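Predicted model only: the values in this text are computed from it and were never measured. Each chain gets a letter, A, B and so on, in the order the sequences are listed, and its residues count up from 1.
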Amino acid sequence: MLDIDLIRSDPERVRANIARRRNDPYLARFAELLAVDRDWRKAQQEAGDIRRRRNTVSKEFSEAKKAGADTTALRREADSLPAQLTELEAREALFEQRRRELLMGLPNLLDDSVPYGKDDTENQVIQEWGEKRTAPADLPPHGEYLESHGLGDFERARRNSGAGFYYLMGPLVQLDMAVQRLAMDMLVQKGFTPVIPPYMLRRAPYEGVTDLADFENVMYRIEGEDLYLIATSEHPIAALHMGEILDEDRLPIRLAGISPCFRKEIGGHGVDQKGAFRVHQFQKIEQFVFCAPEDSPKIHEELRTNAEEFLQRLGIAYRVVNVCTGDLGIVAAKKYDLEGWFPRQGKYRELVSCSNCTDYQARRLGIRLGKRGKPGKVVPHTLNSTMVATPRALVAIIENFATTDGRIALPEVLRPYMGGVRDITLPTLAP
RNA sequence: GCUGAGGUAGCCUAGUCCGGUAAGGCGCUGGCCUUGAGAGCCAGUGGCGCAAGCCACGGGAGUUCAAAUCUCCCCCUCAGCGCCA
């Protein structure tokens, strides 16, 4: 949520920034917000005048009665006030609600370094790392590959739960856990505090962390309960300090979330191939930071570096993309995507998303900064980044490290987490 | 799920039975005094508004000239019981 004081004091600057997103409905909403905010303040004023009169009359009434004086005239005026007030209050409430809707629907202010562009085709590649490996010429799509070796079952998952679900089995499960453990260990070593968050959130905290459209497009809701399955541990972790005043001296707070993530994503892109790349349920190790406003650009780079280091240690080539103005979501002011090299597909695909949400998320959540019990008006910044998400990362490992003789060669950093073995030897199933 | 107790400012608490417009403490800020960021004393300390002022006691509706206070509905928290890996 944007700072209403900023919108009032410098509407042109906000409008110009919103325009860079190349999304006209936002501009229309912004214009309406300016009007509704004025209407609301006026209605508030008018209702306030009536209330003041009511308070005065009520007091006079009480005194007159005590003194035994005639109260007829006062009574007549007092009787006429509630009806007027009811109408004005209805207007006030209407404007206030609309104002809030509009404010919650407006996107964050974009950082100046975000490249101007219309959609994901205009994102800017700012860095590449590593040597692109090649996959065995006959390597099948990973879904088939896993099924043929008994490491995954997508047919039965589809039968039982629908498309986008999977059974992972055998050594692939250990590989999944190994990848997560490596990611978590790296973060702990860098001073992050591990967090297992709630896997479901109520609506109120959820509205604070994400785009309202996600309630329709992304999140699964629990039938008959005010609960939503989390789409990422970013969400419950951001809500960890909802409504609180954070001690400035304790910042930055670095947290490493581990959780399953659940996503419907019906509004997403086209259907992906069978398998474990794009799924309704996955596991993610997440970096999350609450920090002072002035520190967030630096910490954004830090989170990106952490995620890069993870891919480097695995030995997977990647590139860093600065997501352009037209492709950024509502919450982030700036976002890097790390795209890993997938040799069999011969292209880079998203493995990591690293965002600086500035004060937008924290303001929606009502988080402020203060010092030793003194509430301040400064709102902290929040940042989040994938460290690793599985099973997508497993697909990358398979494409990068599958050998021609039916093994998956393990990157050295993973071996300690896999009982010291150098590779996964694949069981061959009878056709 | 049942029973009970609760939800008041950054925090803790009084007020609720009996309606009259939120008392006090802690913390924080400023001032006085001081060798002093200590003690003591004084003042300030939520939101909106240029201001007068209005709003704010978990949320909503109602009664009333007037609601933290009375009525109804809902939400949440805690404790005990029940169920349970």
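- We find that A/Arg41 and A/Glu96 are not joined by a salt bridge, their nearest charged nitrogen and carboxylate oxygen being 4.0 Å or further apart.
- A gap of 44 Å separates the P atoms of B/rC72 and B/rC28, to the nearest Å.
- For the C1' atom pair drawn from B/rU69 and B/rU77, the interatomic distance equals 22 Å after rounding to whole Å.
- The CG atom of A/Leu2 sits 8.0 Å away from atom CZ of A/Phe30, with the distance rounded to the nearest 0.5 Å.
- Between the P atom of B/rC26 and the CD1 atom of A/Ile245 lies a distance of 19 Å, rounded to the nearest Å.
- In this structure, A/Arg203 reaches neither bases nor backbone, as no heavy-atom distance under 4.0 Å exists between it and the strands shown.
- Taking the P atom of each, B/rG25 and B/rG60 are spaced 31 Å apart, rounded to whole Å.
- With salt bridges taken as basic N to acidic carboxylate O contacts below 4.0 Å, none links A/Glu155 and A/Arg159.
- A 6.0 Å sphere centred on CD of A/Glu87 holds no more than 12 heavy atoms belonging to other residues, nucleotides or ligands.
- For the pair A/Asp247 CG and B/rG27 P, the interatomic distance rounds to 16 Å; values are reported in whole Å.
- Residue A/Glu244 contributes atom CD, which lies 13 Å from atom C1' of B/rC11 at whole-angstrom precision.
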(message) Using a 4.0 Å heavy-atom cut-off to protein, can you give one letter per nucleotide of nucleotides 47-60 of chain B, 5' to 3': B if the base is in contact, S if only the sugar-phosphate is, - if neither?
(response) SSS-BBSSS-----
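- For the pair A/Arg98 and A/Glu32, the salt-bridge criterion is met [side-chain N within less than 4.0 Å of a carboxylate O].
- Spacing between B/rG30 and B/rC78 at atom P, rounded to whole Å, works out to 38 Å.
- On the P atoms, B/rC18 is 32 Å away from B/rG10, given to the nearest whole Å.
- Taking a pair as Watson-Crick or G-U wobble with both distances under 3.5 Å, the runs of three or more consecutive pairs in RNA chain B are B:1-7 with B:75-81, B:10-12 with B:24-26, B:27-32 with B:40-45, B:46-48 with B:53-55, B:58-62 with B:70-74.
- As rounded to the nearest Å, B/rA56 and B/rG15 have P atoms that lie 22 Å from one another.
- The separation of B/rC33 from B/rG46, taken at their C1' atoms, amounts to 32 Å, rounded to a whole angstrom.
- In summary, A/Arg99 and A/Asp37 engage in a salt bridge, as defined by a charged side-chain N under 4.0 Å from a carboxylate O.
- Between A/Tyr336 and A/His300, the two ring planes are parallel [angle under 30°; tilted spans 30° to 60°].
- The one candidate from A/Asp295, A/Ile299, A/Asp359 that meets the side-chain contact (heavy atoms from CB on, under 4.5 Å) condition with A/His381 is A/Asp359.
- Rounded to whole Å, the separation between the C1' atoms of B/rU63 and B/rC73 comes to 15 Å.
- Protein atom CD of A/Glu89 is 10 Å distant from nucleotide atom P of B/rG62, rounded to whole Å.
- Protein atom CG of A/Leu369 is 18 Å distant from nucleotide atom P of B/rC28, rounded to whole Å.
- The closest side-chain donor-acceptor pair between A/Thr382 and A/Gln361 falls under 3.5 angstrom.
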